[in-house]
Amino acid sequence: MSQKAFASQADLADKQVSFTRLSEHAYAYTAEGDPNTGVIVGDDAVMVLDTQATPAMAQDVIRRIREVTDKPIKYVVLTHYHAVRVLGASAYQPEHIIASHDTLELIRERGEQDKASEIGRFPRLFRNVESVPPGLTWPTLAFSGRMTIWLGRLEVQLLQLGRGHTKGDTVAWLPQERILFSGDLVEFDATPYAGDAYFKDWPQTLDRIAALGPEKLVPGRGAALTTPEQVQAALSGTRSFIADMYASVQEGVKAGKDLKTIYKDTYAKLKPKYGHWVIFDHCMPFDVTRCYDEVTQYPDPRIWTAERDRQMWEALES
Ligand SMILES: [Zn+2]
């Protein structure tokens, strides 16, 4: 009986936090593959990109920000709707919480279920979950496609470059410094979670990120990337993981195999190349299930509930 513990319930070891300065204005709060938070310090205000999972955890981000600036934290940007990046928002007491309309739609449609599902999957990432206020985190500003915010003389572009990790993915781009904050569209030494993804669209969205020409990049998970070569490596690593999984699942479906067989085949194929990335075993069942759905009959991701999570895990890992 060597069944894997559900999702990341057995992952209890705390990670080492780094607060990396990328430029006069840009910082990355990273923790060895745990969800990252980006920080942009403008002339008159601070913008935070993704919040951490709870207000208690966000307090540590605020502590780091206060080591480099005393400017007010005016804006929180949600790169997408996942609870692990959203539920810490209240700690910053921002004037505005900004997200794409597509992300707002997802919060309305499946925010409650996603919250319960994510807390169940990864309890360590929801430290002091009782500090999360009741209800959901709601954007106060929503945009479609593109929004520019000036932090004094510093231009910040919020861009929807296409679907990928979710349908609402937003990146933040500092054109003057060629620094990009990607959210979970790009990962580095960390397995892309694709349980809510659009596999066919994701590689094209990565091409559009590459076309901006970022020289530095803060990924959704993994260390801050401080050279164009590292940015390239993260983009191509994420792209090949998504493409390899899609090819494997498509091949299995064409051969008439069932989901569990396709899962075992795809796991075996991807493990040698990507098995050393953090949360590989956590992500694979969700990713293959969503990929199978997209290849067969569901253009849009189905809602994960705590119950569906368990049923899927039992079916694929037992
Ligand atoms: Zn995510």
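Whatever order the structure lists ligands and atoms in, that order sets their numbers, starting from 1.
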- Which atom, among the N/O/S set of His82, is closest to the Zn ion (ligand 1)? ND1
- Residues Lys257 and Asp265 bridged, charged N to O under 4.0 Å: yes
- Query: Hey, is Glu105 close enough to Lys167 for a salt bridge, meaning N to O under 4.0 Å?
  - Reply: yes
- Item | Test: Arg121 cationic atom under 6.0 Å from Phe126 six-membered ring centre, within 45° of axis | no
- Salt bridge between Asp34 and Arg124, side-chain N to carboxylate O under 4.0 Å? yes
- Name of whichever N/O/S atom of His165 is nearest to the Zn ion (ligand 1): NE2
- Message: Quick check for you: with the Zn ion (ligand 1) as the vertex, what angle do NE2 of His80 and OD2 of Asp184 span, to 10°?
- Response: 90°
